[in-house]
Amino acid sequence: MEARKGSRDMTVSTIGGATLTEELEARGITRRAFLAFCTSLTATLALPSVFSERIAHALENSEKPTIIWLEFQDCAGNTESFLRAHNPGVADLILDVISVDYHEVIMAAAGHQAEAAKEEAIARGGHIVIVEGSVPTAGGGVYCTIAGKTALQHLEEAAVGAAAIINVGTCSSFGGIPAASPNPTGARGVPAVISGVPILNLPGCPMNVDNLVGTIAHFVTFGALPATDSEGRPLFAYGQRIHDNCERRARFDAGQFALEWGDEGHRKGWCLYKLGCKGPSTFHNCPTQRWNMGTSWPIGAGHGCVGCSEPDFWDTMTPFYARLPKPPGFNVTTTAEQIGLGIVGATAVGFGVHGVAKVIQHSREKTEASEQSDPAEDAGEESED
Amino acid sequence: MTIQPKPASVKIEKTPPRMTVKVWELPVRITHWVIFLAVVVLSVTGFYIARPFIIVGSDPGFLMGWMRAIHNLAAWVFIAAIAARVIWSLVGNRWSRWDQFLPVSRDRRTGGGETLKYYLFMRRDPAPEIGHNPLAGLAYLAVYLMFGVQIVTGFALLGLENPGGIFYNLTGWVFDIGSIPTTRLIHHMIMWLTWGFVVHHVYSAVLVDTEARNGLISSIVTGRKEVEESLLDE
Amino acid sequence: MPRIAVDPVTRIEGHLRVEAEVDGGVVTDAWSSCTMWRGIETILKGRDPRDAWYFTQRICGVCTTVHALASVRAVENALGIVPPLNAQLLRNLIALSQYVQDHVVHFYHLHALDWVDITSALEADPEATAALASSISDYPRSSPSHFEAVKQRLTSFVEAGRLGPFAQGYWGHPAYALPPEANLMAVSHYLDALDFQRDYMRIHAILGGKNPHLQTYLVGGMAVPIDPNSQNAINATTLLQLRKLLESGLRFVTQAYIPDVLAVAPFYTDWAAIGAGLGNYMSFGDFPTGAQNPSMDRDALYLPSGVIVGNDLSQVHRLDATKITEYVAHSWYSYEGGDGSPLAPFDGETTPDYTGPEPPYEFLDTDGKYSWLKSPRYDDMPMEVGPLARMLVAYGSGHERVQQLVNSVLETLGVGPEALFSTLGRTAARAIESQVLAERSLEVLDQLTANISGGDITIHNGDLWDPESWPQTASGFGMHEAPRGSLSHWVTIADGAIDHYQIVVPSTWNAGPRDGNGARGAYESALLNTPIADPERPLEILRTVHSFDPCMACAAH
Ligand code: HEM
Ligand code: HEM
Ligand code: NFV
Ligand code: SF4
Ligand code: SF4
Ligand code: F3S
Ligand SMILES: [Mg+2]
């Protein structure tokens, strides 16, 4: 089968493997159910509903894209999030929509057979590389090796002939927790260590699987990655702040804030701004897409956003329960306001002292002057200070 | 105001003749006090945004909304005043010119020494100056630059509400240098630095006014100072 | 002596490498190496102790609740904070449902493919499969037409020529012993389990905003509010939703998980004599019945704590946390005072010192340092922790429900208690434990409901929330019995910031390398004498290693 490089065109591709239609018919999945799936995908992609027909057409006629899922310095939170896919479920995804040819957590093969499966998939080309976890660069990369090879070696090999790299989670996108100060392993996000392949970031800790499914559907349908912002994040999921779509925004504007955990405001779902919510500094679609089949999301369940989809959030959004980051060089308990008051206070005290010193300087000059006029008379009076 | 006669035995100094000079033109004075008022409003509303210090009960009003609206309004007034002052530094009289802030000429650069000696008690009277002494000029330059940063960070924070909008496109690069929270921290800290400056600024005004007795404080209102004639011919 | 290396060991969490010497068709020696490290303990220094749980939670997204819970317990222990009863009960509910989801996903999606040959399922007769299924349980999706549809789906998937994650498996390996019908039933339940675990984890979204990585823990309690008269808090509707979800968990465990284990085990009775390993078992015990901090008061726990040495079930020793130390003799770390002797966690050091081969490499130097895991020891003895240890400690301590279920399983399989000390026993213990804890979760929900209807809706003790109220220095430890075993966090706080943080993890106990005395870890010991039919396809090594449910992100943190 002719290896396909780069993004494929939109036309029907039935070369070689069975298309999705044949597989679906063989399985007796009705076209109506399939269209329902496409409609919900269109919503996730924040596309006008007319697109659902176009997505259905594309998905039906494209050969399943090959997925190579690489884990490096990760916690597998994104793999678990992937298992929470609901529309379609992960079984439908793996069996019908995509071909996951390598994923350490779920693949049957182990050892050199697993590596062989990966190398074969790479050789075919046109695959999508999904990366979870950061890439260590210190010490020659010895902080993460698989089959005796470093994470960077695996990434570079998999990138050859890849149609795209999708970074799932904040670690592979921006370095995440391993890169948090002092970053003992020289951890980096994928974009910082590789180029030459279209790269898309799906940060979040972990990423929301609905956004991964949406990205894959977009790629299959339009043959390219969705438009991204300056951080490489797709606009359909990261185009707006949490704060601007939050169900508690009216409370913020009214000035109604939860003050303590479990107080009246907290129980009534008031704004969590004063408990450290970082919604105003974070771009993610949690308020609209929500999590686990739309069941809830962090602010909805009563805890502030911590900005997990932003670069370096472990160092810029902490301490999580303070409104502003810890000014560098100060103990973690000192707040910006304390430092501010300190500046104004110190200035006032400093110049207060200066003023007093000025008064002392003048009074001394006056006494010296009067001494010079009648030296004999008050010689004894003046005591040297 | 009778002049206190100097004791006879002190090295005899003839009290030099003084005359009233129109130092601060109207635009300088107006922009000064508009900036001051804007800063007050921006600080009160800004501090509320930073830490809502008014506890609203259960009757939902729009307090934070108003605070942010007023903050943005005051911000535009603030920007206008600063812009006007910058323009005036190109067209105004010699004491309002930009070179009174940025010490380009040699004596502006060395002149500051006298004022410094005054502040360090190595000199009895403030160095005689009509407009800003070089140190004050530098200080004001720093304040205006700091206000520039405050404007940029302010627009950046404003732009977050509409990514791809005019403000976001103009100032979004700010977030790539630091991050959104660090931008908010800088914007926050500049408020405190501003008020630190004001404390020093008012103190210096009072100090120099009482010592030089040139009507300095009133000058930022009336524009006029009483200065020694000799200074004028320089 | 031919030496083999399995790297990566797949169907686990994280990066594990196993090397083994094989002679005469059995494993004569084995080495377990974790090949990834991030340094979370190092990253925590200088941070706000109230943020610690969010950082440590990211040690692992599989056991996504355990490091958060252990951390808040450690900080609460250090600062002397006792969370309200509701918070304790909410923490129990989250931990119990984590166990059920974790164990179900492990059995079906990680371990099962060691025992189930999916290609043989293609030859299964749907009628016979339905007969088998209904003979072992009343699980609903067991009709011939259902199994026909599953077989059809599998067939068309295989015929499409793209085997995806099932490519290059050891299909047809002589060690597979299940008939086609059992394989097809297992494949059907594999697919059902994927939907079950997704729906079941809505419990964590209701209580914690999302799963994985619930965002609801607080030093001093929980962030999810309770208020029967508010739509933005836990009320009667949410309690009803939780009950339905918890019941669905118990149903899946009793109708699918345990019957499948009982159906598979008889074909693999030889594995009741393989993979025993150390014979030392430790459990911290958990699920406090009251509001006390389990690190301090180890008595009022639903699952008891204790230590068993040398397979002697008759004597459960009382746990003493001060006997926990960690060696780095064969670990890629160096201690200031030398690598010879171990350090207790409060004085622990995590200074990386890689002395292994430069990548790319083919084999490790297993005489020297060969893993990113330390070697935890209890009273200088290696310990196995996890489901088998918990069930043995509970069984030995006279836990009624555990004894009932263990005895009924042994009876069904027709084996004695010695069968527990094996890979098969470990696998059965995980299933039994899931039922015990699924049942317990409904009792905890009743306790929570009763407490709320009694008028108590507090979820957080905020007395010491403000760092100004903290002592200048404080230290404490937090213990939690996590799905893979005994977890402990050890924190020292100075001037309101974390001064020192050490973590001793279940998979470190199990997967750790040799210690300073040269004693093997639990994996290394359990792999000895494992039969190897084909060194090129070491399926048997995977079976025993998988029986521990390895998690390397946890173990190395
Ligand atoms: C000396 C002048 C100013 C002072 C003292 C000031 C003060 C403040 C303070 C203290 C905050 C709260 C920061 C935080 O803790 O989050 C704030 C927020 C803000 N300021 Fe200013 N500010 C000034 C000028 C400006 C200007 C020129 C703009 C331009 C548009 C601006 C726009 C904003 C915006 C958009 C916010 C954030 C509001 C939000 O997060 O919802 N500020 N300001
Ligand atoms: C936010 C508050 C303030 C700011 C930013 C500020 C800034 C400035 C600046 C930039 C100048 C130089 C004038 C120019 O050439 O543009 C100035 C002059 C002056 N300001 Fe302010 N000012 C503030 C508040 C005050 C206050 C409260 C007083 C009350 C005493 C005051 C008294 C004066 C005086 C007396 C001068 C003239 C100094 C001289 O003649 O050298 N200022 N101020
Ligand atoms: N080992 C381990 Fe964990 C568990 N259970 C934690 O402590 O898996 Ni990620
Ligand atoms: S982004 Fe978060 S969930 Fe994902 S690997 Fe990193 S720590 Fe784990
Ligand atoms: S809860 Fe957070 S995101 Fe929502 S309105 Fe309040 S501050 Fe903004
Ligand atoms: S913490 Fe992360 S999950 Fe969403 S609400 Fe904030 S971006
Ligand atoms: Mg540790």
Side-chain angles (χ1 to χ4, degrees), chain A residues 229-231 235 239-241 243-244 250-257 259 264-265 268 271 273-274 278 280-283 307 310-313 315-317 323-327 336-337 339-348 350-352 354-355 357-358 361-362 365-366 369-370 372-374, chain B residues 6-10 47-52 54-68 118-121 124 157 160-164 172-173 175-176 178-185 187-200 202-204 206-207 210-211:
Chain A
D229 67 3
S230 61
E231 301 291 350
L235 294 175
Q240 290 181 49
R241 288 188 306 174
H243 191 52
D244 297 319
R251 298 295 188 182
F252 172 83
D253 292 332
Q256 293 174 308
F257 304 100
L259 306 176
E264 189 204 350
K268 285 187 176 168
C271 169
Y273 188 70
K274 295 192 81 170
K278 299 303 184 306
S281 305
T282 306
F283 286 84
E310 292 300 315
D312 311 321
F313 81 96
D315 292 316
T316 62
M317 305 282 181
R323 245 201 36 71
L324 291 167
K326 179 180 89 66
E337 277 146 32
I339 294 163
L341 284 168
I343 291 170
V344 177
T347 319
F351 285 103
H354 187 277
K358 267 296 166 189
Q361 180 191 20
H362 292 327
E365 277 154 9
K366 252 197 218 68
S370 60
Q372 279 153 6
S373 58
D374 308 317
Chain B
K6 286 226 171 19
S9 62
V10 165
F47 187 67
Y48 176 85
I49 295 168
R51 186 154 60 86
I54 300 167
I55 307 300
V56 166
S58 55
D59 52 355
F62 193 65
L63 185 57
M64 173 64 89
W66 282 119
M67 286 292 185
R68 294 185 64 245
Y118 166 71
Y119 272 103
L120 297 177
F121 307 97
R124 189 184 172 317
L157 291 171
L160 292 173
E161 287 171 3
N162 178 19
W173 51 269
F175 303 127
D176 300 334
S179 69
I180 296 172
T182 37
T183 305
R184 200 179 295 280
L185 180 67
H187 193 83
H188 185 99
M189 295 312 291
I190 283 177
M191 172 176 72
W192 297 109
L193 289 174
T194 302
W195 286 98
F197 160 76
V198 170
V199 164
H200 151 69
V202 170
Y203 167 76
S204 302
V206 168
L207 183 70
T210 48
E211 300 254 308

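Just so it is clear: chains get the letters A, B, ... in the order the sequence lines come, proteins before strands, and each one is counted from 1.
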Exercise for the section: Using a cut-off of under 4.5 Å on heavy-atom pairs, state which of Asp244(A), Asp229(A), Asp312(A), Asp315(A) scores highest against chain B. Expected result: Asp244(A)
Practice task
Considering only heavy atoms and a distance below 4.5 Å, find which of Lys268(A), Gln240(A), Lys278(A), His362(A) pairs most often with chain B.
Solution key: His362(A)
Problem - Part of Tyr273(A) within contact of chain B (heavy atom distance under 4.5 Å) - result: side chain
Handout entry: Which atoms of Ser230(A) approach chain B - backbone, side chain, both or neither, heavy atom under 4.5 Å
Key = side chain
Practice task
Can you tell which part of Leu185(B) gets under 4.5 Å to a heavy atom of chain A, answering side chain, backbone, both or neither?
Solution key: both
Practice task
Measure Phe47(B) against the heavy atoms of chain A and call it side chain, backbone, both or neither at under 4.5 Å.
Solution key: side chain
Exercise for the section: Heavy atoms only, distances under 4.5 angstrom: which of Lys358(A), Glu231(A), Gln361(A) has the most pairs with chain B? Name it, please. Expected result: Lys358(A)
Exercise for the section: Return the minimal non-hydrogen interatomic distance between Pro181(B) and Thr316(A), and the atom names on each side. Expected result: CB-O, 3.3 Å
Practice task
Classify the angle between the aromatic ring planes of Tyr203(B) and Phe351(A) as parallel (below 30°), tilted (30 to 60°) or perpendicular (above 60°).
Solution key: tilted
Practice task
Could you look at Leu259(A) and say if it's the side chain, the backbone, both or neither that has a heavy atom under 4.5 Å from chain B?
Solution key: side chain
Practice task
Measure Pro311(A) against the heavy atoms of chain B and call it side chain, backbone, both or neither at under 4.5 Å.
Solution key: neither
Exercise for the section: Let me know if His188(B) has heavy atoms under 4.5 Å from chain A in its side chain, its backbone, both or neither. Expected result: side chain
Completion exercise
Closest non-hydrogen atoms of Gly255(A) and Tyr48(B), given as atom of the first, atom of the second and distance, are CA-OH, 3.8 Å
Completion exercise
Note: vs chain B, highest number of non-hydrogen pairs under 4.5 angstrom among Thr282(A), Ile339(A), Leu324(A), Ile343(A) is Leu324(A)
Exercise for the section: Select one option (side chain, backbone, both, neither) describing which atoms of Pro163(B) are under 4.5 Å from chain A's heavy atoms. Expected result: side chain
Practice task
Work out which heavy atom in Trp192(B) is nearest to a heavy atom in Leu341(A); give both atom names and the distance.
Solution key: CZ3-CD2, 3.6 Å
Handout entry: Pairs of heavy atoms under 4.5 Å with chain B: top-ranked of Gln256(A), Arg251(A), Met317(A)
Key = Gln256(A)
Completion exercise
Between Phe121(B) and Ala357(A) the two heavy atoms that sit nearest each other are CZ-CB, 3.2 Å
Practice task
Side chain from CB out, backbone as N, CA, C, O: work out which of these in His243(A) comes under 4.5 Å of a heavy atom of chain B, or both, or neither.
Solution key: neither
Problem - Main-chain N/O of Tyr119(B) paired to His354(A) side chain as donor or acceptor, under 3.5 Å - result: yes
Problem - Segment of Asp176(B) engaging chain A (4.5 angstrom heavy-atom cut-off) - result: side chain
Fill in the blank from the handout: So, the part of Ile49(B) with a heavy atom under 4.5 Å from chain A: the answer is both
Problem - Under 4.5 Å from any heavy atom of chain B - which part of Lys274(A) - result: side chain
Problem - Proximal component of Ala250(A), with respect to chain B [non-hydrogen, under 4.5 Å] - result: neither
Exercise for the section: Count the heavy-atom pairs under 4.5 Å between each of Ala254(A), Gly239(A), Gly342(A) and chain B, then report the option with the highest count. Expected result: Ala254(A)
Practice task
Please flag which part of Glu264(A) lies under 4.5 Å from any non-hydrogen atom of chain B: side chain, backbone, both or neither.
Solution key: neither
Practice task
Using a 4.5 Å cut-off on heavy atoms from C-beta on, say whether the side chain of Arg184(B) contacts that of Pro280(A).
Solution key: yes
Practice task
Tell me, out of Ile54(B), Thr183(B), Ile55(B), Leu63(B), who's got the most heavy-atom pairs with chain A below 4.5 Å.
Solution key: Leu63(B)
Exercise for the section: To the nearest 0.5 angstrom, please state how far the CD1 atom of Ile180(B) sits from the CD atom of Glu310(A). Expected result: 4.5 Å
